[in-house]
Novice: 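Just passing along the structure, written as structure tokens.
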Amino acid sequence: MIDLKQYGYTGTAKPEDGAKPARVTAVHRDRYELICEIGVKHGKLKTSVYYGREEHPFPTVGDFVLINDVPGGDCQIIETLPRKSYFSRLDPKPGGYTEQAIAANFDTIFIMQSLNQNFNVRRLERCLTLSRQSGATPVIVLTKGDLVEDPTNFITEASEAAAGVDILVTSSKTSTGIDALYKYLTPASACVFLGSSGVGKSSLLNTLMGEDIMTVKEIREDDARGRHTTTHRQMITLPNGAHIIDTPGLREIGMWESGEGLQNAVSDIFTEIEDLLGTCKFSDCRHESEPGCAINNAIQNGIISRERWENYLKLRREALFAEDKIKAIRERSAKHQEIAMWSRQMKNKKEIW
Ligand code: GDP
Ligand code: ZN
């Protein structure tokens, strides 16, 4: 028997109808790979629960679900249990967008940038915003530490953009800084790696695994490009029992693709700017060339950088756009439910008549 607690399950409910909790470890089209108390299983969604009912989100890698056994076949997934954290994206579909989760129930997000041309504070702010919105704890990992003499300036720049966030420097080449990751990689916990292609995610995973499970495609450092192919399960368990969720969707996640709560996340990441906003001389200040503008003063006095201010404006615009889209989806979904309920009622009436 497998103890699902080792896979991060903390639920205690014992469903009466014999349904079992399980965790989604990989998704292949409409077939799900799961781990439950009796081992690895495959499952499919129960159509009547999931289709046409957007209040039941499709499971993704990392989700806890309830399953029913089906003799001699794939089990049936009957419920997605509430998520403590998740990343999602908006998928364009004919007639609008739908929100699709791409990873769920992770504790830590390693925001990875490598110590060469890949280091970019503005991208860091973007990733921090996404992390804040997801519900998990971000940790900044500056990879390829062996490529710089002294990482102090990078650390200083990162910490200015990310007050209160832990920052680590690692190298998969020399194994420097790897031990420090285990503060977060505790048994049964789950984490995700967020970083552009080529920052060294596969190499780090291989280092943590103690074997090459990922293909590292060698790149030239001068153009900082790289690609890898993943050929294994998407939730990977390290020798110490920590889990890493690695899904292709995560490599591309941008800002406006994500949804709800983004504007609050932007506010949380740029608190010092938000604190200033209400303090300009004119209440309708556009922070351009008005006298007594708190933002302009702060920029001129070097309290905030112009780049950070501009990035704040950009991310706020994107957040607004994404939230509008999500709101439209929710409204459409509510409309669908209304119609479904109405037609069920009509059907019942017909049966009575
Ligand atoms: P991924 O695309 O994020 O998975 O990145 P990879 O792990 O495939 O690595 C991309 C490139 O960076 C490869 O050429 C690696 O050899 C190189 N690389 C990865 N980690 C390190 C490191 O710690 N130091 C150095 N110098 N190069 C690294
Ligand atoms: Zn102003």
Side-chain angles (χ1 to χ4, degrees), residues 103 109-120 123-124 127 140-151 154 167-181 191-234 236 238 244-253 270 272-301 303-304 306 308-310 312-313 316:
I109 302 162
F110 290 123
I111 300 177
M112 297 173 65
Q113 295 201 350
S114 64
L115 288 177
N116 59 1
Q117 300 96 317
N118 179 259
F119 182 80
N120 181 312
R123 190 164 351 95
L124 213 52
C127 290
I140 295 170
V141 180
L142 303 176
T143 60
K144 309 192 191 181
D146 56 285
L147 292 180
V148 293
E149 290 267 304
D150 179 5
F154 293 100
I167 303 172
L168 305 176
V169 178
T170 61
S171 166
S172 300
K173 283 260 146 79
T174 63
S175 290
T176 312
I178 302 297
D179 286 350
L181 293 168
C191 77
V192 297
F193 291 170
L194 208 60
S196 331
S197 184
V199 295
K201 296 183 293 298
S202 311
S203 305
L204 188 64
L205 201 50
N206 290 341
T207 306
L208 292 167
M209 284 299 282
E211 60 176 315
D212 286 358
I213 60 159
M214 306 285 286
T215 316
V216 173
K217 188 155 178 266
E218 291 309 317
I219 59 166
R220 298 196 315 271
E221 279 309 327
D222 53 0
D223 62 5
R225 281 176 185 282
R227 248 158 41 89
H228 71 217
T229 40
T230 315
T231 49
H232 55 81
R233 296 247 309 268
Q234 291 177 328
I236 299 144
L238 298 182
I244 291 172
I245 297 174
D246 177 60
T247 85
L250 277 178
R251 294 188 203 120
E252 292 137 33
I253 189 168
F270 295 89
E272 88 286 20
I273 292 182
E274 295 253 328
D275 287 348
L276 283 177
L277 278 179
T279 65
C280 299
K281 184 171 173 198
F282 300 111
S283 59
D284 60 349
C285 184
R286 285 171 299 140
H287 323 298
E288 282 162 8
S289 52
E290 291 89 339
C293 171
I295 297 291
N296 273 328
N297 284 344
I299 293 173
Q300 253 137 46
N301 297 326
I303 295 166
I304 54 173
R306 180 165 297 282
R308 184 165 164 88
W309 163 245
E310 282 168 1
Y312 164 79
L313 292 178
R316 203 175 60 168

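In listed order, ligands and their atoms are each counted from 1.
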Novice: Test of understanding: with salt bridge (charged side-chain N to carboxylate O under 4.0 Å, His left out), list the residues that count as partners of Glu274, not counting sequence neighbours.
Specialist: none

Novice: Given Ser197, Ser172, Gly198, which one has a non-hydrogen atom that is nearest to atom 23 (O) of ligand 1?
Specialist: Ser172

Novice: Please give me the minimum heavy-atom distance between Leu277 and His287, naming the atom from each residue.
Specialist: CD2-NE2, 3.5 Å

Novice: Side chain, backbone, both or neither: which part of Thr143 has a heavy atom under 4.0 Å from ligand 1?
Specialist: neither

Novice: Using heavy atoms and a 4.0 Å limit, tell me yes or no: is Asp146 in contact with ligand 1?
Specialist: yes

Novice: Going by the order shown, which atoms of ligand 1 are within less than 4.0 Å of some heavy atom of Leu147?
Specialist: 26 (N)

Novice: Rounded to the nearest 10 degrees, what's the angle ND1 of His287 makes with SG of Cys293 at the Zn ion (ligand 2)? Could you check?
Specialist: 110°

Novice: Set out, in order, the CA-CA distance, both residues' side-chain angles and the distance that settles side chain to side chain donor-acceptor pair (under 3.5 Å) for Tyr312 and Arg316, then state yes or no.
Specialist: CA-CA 6 Å; Tyr312 164 79; Arg316 203 175 60 168; 3.1 Å; yes

Novice: Can an N or O of Gly145 be found at a distance shorter than 3.5 Å from an N or O of ligand 1?
Specialist: no

Novice: In Å and rounded to the nearest 0.5 Å, what is the OG to CG distance from Ser202 to Asp246?
Specialist: 7.0 Å

Novice: Rounded to the nearest 0.5 Å, what's the gap from NZ on Lys201 to OG1 on Thr143? Could you check?
Specialist: 9.0 Å

Novice: Look up atom SG in Cys280 and atom CG in Asn296, then write down how far apart they are to the nearest 0.5 Å.
Specialist: 8.0 Å

Novice: For Ser171, is the nearest heavy atom under 4.0 Å from an atom of ligand 1?
Specialist: yes

Novice: Can you tell me how far the CZ atom of Phe119 sits from the CG atom of Leu142, to the nearest 0.5 Å?
Specialist: 6.0 Å

Novice: For the metal site, I want the angle between atom SG of Cys285 and atom SG of Cys280 with the Zn ion (ligand 2) at the apex, to 10°.
Specialist: 110°

Novice: Show which atoms of ligand 1 fall inside a sub-4.0 Å distance from at least one heavy-atom site of Lys201.
Specialist: 1 (P), 3 (O), 4 (O), 5 (O), 7 (O)

